[in-house]
Amino acid sequence: MEYKVGVISGDGIGPGVVAEAKKVLDHVGEKYGHTFCYTEILMGGVSIDATGEPLTDEAIEQAKASDAVLMGSIGGNTQTSPWYQLPPNLRPEAGLLKLRKALNLFANLRPAYLYEELKEACPLRDSIIGDGFDMMIMRELTGGLYFGERETKEIDGVMTAKDCLTYNENEIRRIAKRGFDIARKRRNKVTSVDKANVLDSSRLWRKVVEEVAEDYPDVTYEHMLVDNCAMQLVKDPKQFDVILTENMFGDILSDEASMVTGSIGMLSSASLNDTKFGLYEPSGGSAPDIAGKGIANPIATILSAAMMLRYSFDLDEEASAIEQAVKQVLKDGFRTIDIMPQDESEKQWVTQIGTKDMGNKICERI
Ligand code: NAD
């Protein structure tokens with residue numbers, strides 16, 4: 001099969017890590033008989049330099065014409081880069097918000113997976129970690145509190161601020177369906193997280209999730225209150241498969257879940273709409289402090305490419321091949337600088353390598 005992949009290399013470490021992800025995709029393509037055709041799309045600082053805007057209409061059209069978009073990262077040093085002297089709507093990050101909106105990317109997926117070899121980076125006790133954990137946080141991305149009506153005004157001489165949290169049943173249904181679909185590709189369990197003991201929006205959330213669950217008899221599901229979920233993530237993370245939740249709860253829980261896995265250089269993510277289209281990107285930023293040094297960890301971007309194969313192209317076997325190769329590279333003792341052990345005595349068991357070498361070693365193991 002031939003797949004059209006839009007590529008946003010972006011700024012900082014972006015071009016370097018995206019080059020490695022493309023290398024891995026091409027390697028998978030050769031092995032399994034697929035062709036990936038890339039179209040470079042300008043976004044972020046590079047787009048500002050070239051066109052005066054962080055994302056042009058032409059770039060949006062290029063993204064829409066792709067089957068999926070793979071992205072590195074955008075932005076520069078927020079203290080020193082001239083991009084941050086521009087008005088907010090012309091800064092690099094405005095491009096990403098505009099793209100998410102233009103493509104209606106309402107579902108954000110962030111896996112939190114603990115690699116056996118990187119257990120040391122996990123702040124939890126060994127007895128809690130056990131054999132490790134593997135969960136997916138599915139966050140609604142375009143509704144709820146962050147997009148509701150808001151105002152700040154003086155009422156009877158007292159400054160008062162208001163933010164509205166609104167969800168309609170269609171918004172809940174489409175993300176719930178996505179969550180159950182994703183669970184079917186994993187371990188068939190959904191934990192729907194809400195605050196139904198207090199919020200009307202959560203009570204509607206719960207009702208709609210229950211309706212959707214009826215169409216997925218093979219997937220077990222449970223409801224959990226968000227305060228309990230925040231505790232359970234550090235008490236017993238192994239219990240989770242897919243955590244399905246609304247925008248603000250997901251914002252907070254996904255950071256908590258990723259923190260317990262260790263390095264930012266390992267964390268992939270996806271944003272999906274109601275077609276097979278998705279935007280796939282590492283969770284980290286453009287890391288201007290290490291840009292151009294050839295030392296950035298490309299694994300988060302490579303794993304994002306694996307998510308693209310699984311969720312946009314239904315190439316589950318090929319995605320697993322990449323994920324297994326990443327595990328094997330870690331088992332074989334290769335590390336980029338960000339995932340080197342802190343403990344001096346542990347360093348003798350591993351070899352530090354750069355961005356390109358990491359890409360090559362992963363290809364060799366596919
Ligand atoms: P950052 O994630 O870029 O960097 C934080 C720290 O993590 C740095 O020390 C960096 O070196 C390290 N790091 C990040 N990714 C790494 C990797 N792959 N390998 C090794 N080390 C890695 O966050 P920041 O410094 O707060 O932001 C820098 C720029 O990135 C800003 O302009 C910010 O707006 C932008 N940003 C963009 C995105 C995006 O493109 N989606 C996301 C977050 C931040």
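Indexing begins at 1, ligand by ligand and atom by atom, following the structure's order. Just so it is clear, the structure is predicted and the values come from calculations on it, not from any experiment. Position 1 is the first residue of the sequence; numbering continues from there.
- Grouped with Met231 in a hydrophobic cluster is no other residue, since no side-chain heavy-atom contact under 4.5 Å to another Ile, Leu, Val, Met, Phe, Trp or Tyr is found.
- Residue-level contacts of ligand 1 at the 4.0 Å heavy-atom threshold are Ile13, Met71, Ser73, Ile74, Gly75, Gly76, Thr78, Tyr84, Glu93, Leu96, Ile264, Gly265, Glu281, Gly284, Gly285, Ser286, Ala287, Pro288, Asp289, Ile290, Ala296, Asn297, Asp338.
- Among pairs with a residue in residues 3-21, those fulfilling salt bridge (charged side-chain N to carboxylate O under 4.0 Å, His left out) read Glu20-Lys23, at least two apart in sequence or across chains.
- Residue Tyr280 forms a side chain to side chain donor-acceptor pair (under 3.5 Å) with just one option from Ser268, Ser304, Ser312, Ser269, and that option is Ser312.
- A salt bridge between Arg186 and Asp134 is present, with a side-chain N of the basic residue lying under 4.0 Å from a carboxylate O of the acidic one.
- Residue pairs meeting the side chain to side chain donor-acceptor pair (under 3.5 Å) criterion with at least one partner in residues 53-62, sequence neighbours excluded, do not occur; the list is empty.
- For Tyr167 against Leu204, the heavy-atom pair with the smallest separation is O-CD2, 3.7 Å.
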